[in-house]
Novice: 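Starting off with a structure, shown below.
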Amino acid sequence: MKYISTRGNHENCTASQAIEKGICSDRGLFVPKKFPHVSLEEIEKMKEMNYKEVALNILKRYLTDYSEEELKECIGVYDETFSHPEKTPVVKLKDGVYVLELWHGPTLAFKDMALQIMPRLFTQARKKNNAEKESLILVATSGDTGKAALEGFKDLKGVRVVVFYPAHGVSDVQRLQMLTSEGENVEVVGVVGNFDDCQTAVKNIFLDEELNLSLDKFKLSSANSINLGRLLPQIIYYFKAYLQLLRDNEITLGETIDFSVPTGNFGDILAGYYAKQMGLPVGKLICASNKNNVLYDFLKTGIYNKQRDFFKTMSPSMDILVSSNLERLIYHILEDGKVLNRLYNEFEETGILELDTASLKKIQETIAADYSTEDECLETIYDTFDKNNYMIDPHTAVAMNGGLKNKSRKTVVLSTANIYKFSSSILKAFDLEKNNEFENIEALEKLSKEDVPLNIKKLKSLKILHTKVVEKDKLGDVLRSL
Ligand SMILES: N[C@@H](CCOP(=O)(O)O)C(=O)O
């Protein structure tokens, strides 16, 4: 399997080269030249497989320059650091809705599903490509990716990680998780700005020749979902969810189901699109946004306009106006790097991207759009608990609301974060908010009867290790000082 750039001006790469590089030198993103196919007969045979077996089955189709032994060694992480035996259990709620819990990893967000295995894939990639320089992994986060990357890459030889987060744009627990991160090779830096400022600055660093010269002892890479090593492992849980429903006789082989995905940087939903392209019987993918509804507007009109107000919401991980992986989706629809290059050059100049009607229609055949206001988000948290005695976090609530509003068949709602990352927002839905986050956590435990994970309890006594905060045009200086 070879990987090419969405912008059409980059040599073919192997999977390991693409993972080590993170982003293409022509500013594009790596995409597979074609999608591997999984037949219904194969899906039937996979029914009884555990998570690791499904992971191997899917990943070996993409990571063709990794041996089966190497892949197994990487996949082993799912037994080592995930707290649930199923890894991604599916919980049945009322009215034909299922919740896919993706937060049983060490940092309690779906990002662990990829960021636990990716460091192993990355280390193998460095070996395969005889990497001499240390890798410097830059991460922009709106809350969850940061901690997951810090945890995954902690003390990994040959790798340094710098995480940039919006200093005033993440939840209290997300901030504490990052600022207390240990590891000789990690650094966390607050940015006076929003997630888009962090992400744009990071992308610009890759292209800054002067800065790259002064960082000559490093090879830059990324742990955001622009890196293939993030995207591909996320395909696994779409298959696993389908297989679990099949195994539990909730669906029959070949029956199409929908997935509702809380969406920010478009990586998670794109993994669902890849699963569908591979042959998984997916009907619609519901792209569920919060009040930052730039994707909703795009999916309805074909016009992506980032020139708009940026809202801080109770689902901060989705507070994003430039959704990086949309570029990959548009590439797969257009199948023409030159046209995509033109569209994205215009977008970078004007902040507006306009897609032709035929291409938009093609996207709409697979992807439906929805968004939730803050009030709808609170109502959904309340109603879901009231009806099912099941508590969800605000990101999952956005997907739940989108899933319910657009429901035409059995629907799996992706649950992307543990409730205790967002206790205060959840308690707002019940009018039970307390004075500080640790009191909120206690109150939420009483209400939900869900145990507080140890990694959350521990936060109270951990030392703050990272205090740096910089202006959004000063990220380069942080790196020069490394
Ligand atoms: N929602 C993310 C933002 C970055 O997205 P990614 O999937 O590209 O890493 C976060 O929580 O940081």
Side-chain angles (χ1 to χ4, degrees), residues 19 22-23 29-30 102-103 105 107-119 122 137-153 161-167 169-171 173-175 177-178 181 188-191 193-203 206 221-235 237 261-274 287-290 292 294-295 310 312-329 393-396 398-399 414-418 421-422:
I19 289 173
I23 183 167
L29 305 182
F30 285 108
L102 298 171
W103 37 260
T107 74
L108 308 164
F110 82 100
K111 309 285 179 175
D112 289 328
M113 299 314 304
L115 276 163
Q116 281 293 298
I117 186 172
M118 184 187 158
F122 196 85
I137 298 193
L138 305 179
V139 181
T141 185
S142 54
D144 288 331
T145 297
K147 179 58 186 175
L150 291 162
E151 192 61 31
F153 284 96
V161 179
V162 185
V163 170
F164 297 102
Y165 73 96
V170 298
S171 81
V173 166
Q174 286 177 319
R175 184 180 306 104
Q177 280 185 308
M178 289 191 277
S181 288
V188 184
V189 182
V191 175
N194 59 38
F195 169 78
D196 290 322
D197 297 322
C198 300
Q199 181 166 246
T200 305
V202 164
K203 283 186 183 165
F206 280 88
S221 190
S222 164
N224 281 103
S225 54
I226 52 177
N227 191 317
L228 263 185
R230 275 287 310 285
L231 183 62
L232 301 180
Q234 293 183 205
I235 300 170
Y237 50 72
V261 191
T263 301
N265 223 10
F266 212 80
D268 203 4
I269 191 163
L270 188 77
Y273 177 80
Y274 277 31
C287 174
S289 304
N290 65 19
N292 292 296
V294 61
L295 280 166
F310 180 101
K312 282 208 265 177
T313 71
M314 66 183 83
S315 44
S317 305
M318 292 153 67
D319 290 347
I320 295 176
L321 291 183
V322 180
S323 298
S324 295
N325 281 289
L326 187 66
E327 174 167 344
R328 282 189 169 114
L329 175 72
D393 90 289
H395 303 78
T396 309
V398 167
L414 272 66
S415 176
T416 48
N418 180 281
K421 292 188 97 164
F422 306 98

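Just so it is clear, the values below take in all heavy atoms, side chains as well, and ignore hydrogens, waters and symmetry mates. Numbering of ligands and ligand atoms starts at 1, following listing order. Here the structure is a predicted model, which is why all the values come from computation and not from measurement.
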Novice: Protein residues near ligand 1, heavy-atom distance below 4.0 Å?
Specialist: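 Residues K111, A140, T141, S142, G143, D144, T145, F195, N224, S225, R230, N265, S317, I320 each place a heavy atom under 4.0 Å from ligand 1, listed by chain and number.
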Novice: Using the side-chain contact (heavy atoms from CB on, under 4.5 Å) criterion, which residues pair with S415? Sequence neighbours excluded.
Specialist: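 For S415, the residues satisfying side-chain contact (heavy atoms from CB on, under 4.5 Å) (neighbours in sequence not counted) are V99, W103, T396.
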Novice: Under 3.5 Å, side chain of D112 to main-chain N/O of T107, donor-acceptor pair present?
Specialist: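 Answer holds: yes.
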Novice: Show your reasoning for whether side chain to side chain donor-acceptor pair (under 3.5 Å) applies to N325 and R328.
Specialist: CA-CA 5 Å; N325 281 289; R328 282 189 169 114; 2.6 Å; yes
Novice: Under the side-chain contact (heavy atoms from CB on, under 4.5 Å) test, which residues partner L326, sequence neighbours left out?
Specialist: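 side-chain contact (heavy atoms from CB on, under 4.5 Å) list for L326, sorted by chain: F266, L295, F298, Y304, L329, I330, Y344.
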Novice: Sequence neighbours excluded, which residues qualify as side chain to side chain donor-acceptor pair (under 3.5 Å) partners of K111?
Specialist: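 Side chain to side chain donor-acceptor pair (under 3.5 Å) check on K111 returns T145.
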Novice: Relative to the ring of F122, is the ring of F153 parallel (under 30°), tilted (30 to 60°) or perpendicular (over 60°)?
Specialist: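 Answer is perpendicular, since the angle exceeds 60°.
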